[in-house]
Amino acid sequence: MPNSEPSASSSAPPVFLPDSPALPAAWQPLTFRGVASFSRARLGRLLLVQLLVAIVVAGTIGWFLATDWFPTMRKAIRRLPDTGAIRDRTLSTPRDTAKPLAETRHLCLVVDVGESGVASSLADLRIEFRKTNWALCAFAGRMTRPYPGPATIPFNRPDLESWWGAWQPMVFAIGAMAIVAGQFASWMLLATIGCPVAWLIAYFKDRQLTVGGAWKLAAAALMPGALLVSVGVVLYGLGILDLLRLLLLWIAHVPLGMVYLATAPFRLPRSVPKLKADPFATKEPEVKNPFSGPPP
């Protein structure tokens, strides 16, 4: 006859664990779960993905310089006179017209020694070389700086053309390395600032996250904003965005990182609660076996 009484193990209430979806492998920082997965990845994996994203950012900026700014600079150098130099912080050149040396939608280069004034340009950025100073002009205004001194700086076609031909690859390489290094420096700093925020959100929402994992999550949350800036640079180079919209997009990448930082912890597995003893449970009295004693 089968035993109708439930056993001690079957009478215990079952334990239901909260929903704990498994995180995907850490390889992309575009989704909230993808960013959350970096909290459990090795530091080397995070640094590798960060390096790839930084290379993408440097590559898009380098593409824009190589296709727009550098050709404009070469064109402007070829239109300079054969003589001219900056001596004692004063520009001396036979060029006496304020007509732009070269101009595109993005960049305009002008020599205005007589300071007669430059006609309004449609370029987003205009660089003016005057008698005793040079200026950067954009929609936000004008920034003027004196020439460096007291060294003599050549300002003529033969010298600048040979100098630019020799140093352009070096300038490109140094710029790319500076962009990558700057990205890593800013990411390290911002990840350290955002680490407590991610950890507190996970703590109060009962999510599994260590302090080290919070730092890696905060670092990964910054990469979508960097990729957004890269897209903006490409659209600006193609003429789809103007300089103002590019700057607005660059500003928007900061709150985008905050959104990822605040949302990614919710994609982490839930913490398993500790089981506590039931204070209202009655303890059955222990019954001693009368035949278990020693023989008389």
Side-chain angles (χ1 to χ4, degrees), residues 51-115 118 121 123-138 142-186 226 229-230 232-234 236-239 243 246:
L51 178 61
L52 294 177
V53 172
I55 290 175
V56 169
V57 175
T60 54
I61 296 177
W63 165 81
F64 171 74
L65 293 177
T67 58
D68 192 278
W69 277 21
F70 286 178
T72 305
M73 292 179 179
R74 285 194 299 269
K75 185 177 180 180
I77 290 173
R78 289 167 182 169
R79 291 183 176 179
L80 285 174
D82 293 339
T83 59
I86 300 175
R87 298 184 181 90
D88 297 328
R89 299 184 178 182
T90 301
L91 174 60
S92 174
T93 178
R95 185 178 176 87
D96 57 356
T97 176
K99 183 179 179 181
L101 292 169
E103 183 178 13
T104 64
R105 179 179 178 270
H106 302 116
L107 180 64
C108 176
L109 295 139
V110 180
V111 175
D112 186 18
V113 178
E115 299 185 5
V118 180
S121 174
D124 292 331
L125 179 65
R126 186 173 74 250
I127 303 177
E128 299 178 3
F129 298 94
R130 299 187 172 190
K131 185 72 174 179
T132 58
N133 55 61
W134 62 278
L136 290 176
C137 306
R142 179 193 302 269
M143 182 183 68
T144 304
R145 291 290 183 271
Y147 292 119
T152 299
I153 303 174
F155 198 85
N156 55 76
R157 182 188 57 79
D159 289 337
L160 289 183
E161 193 170 18
S162 60
W163 180 90
W164 182 253
W167 284 93
Q168 179 180 335
M170 187 63 67
V171 171
F172 191 87
I174 293 175
M177 290 188 291
I179 293 172
V180 173
Q183 286 284 306
F184 269 93
S186 62
V229 173
S230 298
V233 171
V234 173
Y236 177 69
L238 296 177
L243 182 59
L246 176 63

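For clarity, every value in this text was computed on a predicted model and none was experimentally measured. In what follows, every heavy atom counts, from backbone to side chain, and hydrogens, waters and symmetry copies are set aside.
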field: From T104 atom OG1 to K75 atom NZ, the distance as rounded to the nearest 0.5 Å
entry: 9.0 Å

query: Looking at side-chain heavy atoms only, is the closest gap between L125 and C137 below 4.5 Å?
result: no

message: Classify the ring geometry of F64 against H106: parallel below 30°, tilted from 30° to 60°, perpendicular beyond 60°.
response: perpendicular

message: Could you report the tightest heavy-atom contact between A58 and A176, atom names first, then the distance?
response: CB-O, 4.0 Å

query: Counting distance only, does the side-chain N/O of S230 pair as donor-acceptor with the main-chain N or O of A226 below 3.5 Å?
result: yes

task: Apply ring pair (Phe, Tyr, Trp, His ring centres under 6.0 Å) to W164 and list each qualifying residue two or more places apart in sequence or on a separate chain.
output: F70

field: Verdict with supporting geometry, Y236 and D124, side-chain hydrogen bond (donor to acceptor under 3.5 Å, both in side chains)
entry: CA-CA 11 Å; Y236 177 69; D124 292 331; 2.8 Å; yes

- prompt: More than 12 non-hydrogen atoms from neighbouring residues, nucleotides or ligands closer than 6.0 Å to CE on M143, yes or no?
  reply: yes

message: Quick check: closest heavy atoms across A166 and P169, and the distance to 0.1 Å?
response: O-CD, 3.9 Å

- prompt: Rounded to the nearest 0.5 Å, how far does CD1 of I174 lie from CD1 of I179?
  reply: 12.0 Å

message: Closer than 3.5 angstrom, by distance alone: can the side chain of Y147 be matched with the main-chain N or O of K131 as a donor-acceptor pair?
response: no

task: Can you sort out the partners of F155 under ring pair (Phe, Tyr, Trp, His ring centres under 6.0 Å), two or more places apart, ordered by chain and number?
output: F129

- prompt: Which residues pass the side chain to side chain contact (heavy atoms under 4.5 Å, CB included) test with D159, sequence neighbours left out?
  reply: P154, N156

query: Could you give the distance from CG (L160) to CZ (R78), rounded to the nearest 0.5 Å?
result: 12.5 Å

Shortest non-hydrogen contact from A123 toward C108: CB-CB, 3.7 Å

message: Between L91 and T132, is the side chain to side chain contact (heavy atoms under 4.5 Å, CB included) condition met? List the steps.
response: CA-CA 6 Å; L91 174 60; T132 58; over 6 Å; no

field: Over all atoms of both residues, closest heavy-atom pair of A54 and Q183
entry: CB-CB, 4.2 Å

- request: For the residue pair V110 and L101, establish whether any side-chain heavy-atom pair is separated by less than 4.5 Å.
  value: no

message: To the closest 0.5 Å, what do you measure between OG1 (T152) and CD1 (I86)?
response: 9.5 Å

message: So for atom CH2, which belongs to W63, do other residues, nucleotides or ligands contribute more than 12 heavy atoms lying within a distance under 6.0 Å?
response: yes

query: Below 4.0 angstrom, N of the basic side chain to O of the carboxylate: do E128 and R142 qualify?
result: yes

- request: Please check if the side chain of R157 supplies one atom and the backbone of D82 the other of a donor-acceptor pair under 3.5 Å.
  value: no

- prompt: Could you walk me through whether V113 and V111 pass the side chain to side chain contact (heavy atoms under 4.5 Å, CB included) check?
  reply: CA-CA 6 Å; V113 178; V111 175; 3.8 Å; yes

message: V180 vs L51, test: side chain to side chain contact (heavy atoms under 4.5 Å, CB included). Steps then yes/no.
response: CA-CA 8 Å; V180 173; L51 178 61; 4.2 Å; yes

task: Compare every heavy atom of L109 with every heavy atom of M73, then report the nearest pair and how far apart it is.
output: CA-CD1, 4.1 Å

query: With a 4.5 Å limit on heavy-atom distance, are the side chains of Q168 and R74 in contact?
result: yes

- line: Taken to the nearest 0.5 Å, the spacing of D112 CG from W134 CH2 works out to 16.0 Å

message: Let's go through I127 and L136 carefully: what are the C-alpha distance in whole Å and the side-chain angles of both, what is the deciding distance for side chain to side chain contact (heavy atoms under 4.5 Å, CB included) to 0.1 Å, and is it a yes or a no?
response: CA-CA 5 Å; I127 303 177; L136 290 176; 3.5 Å; yes

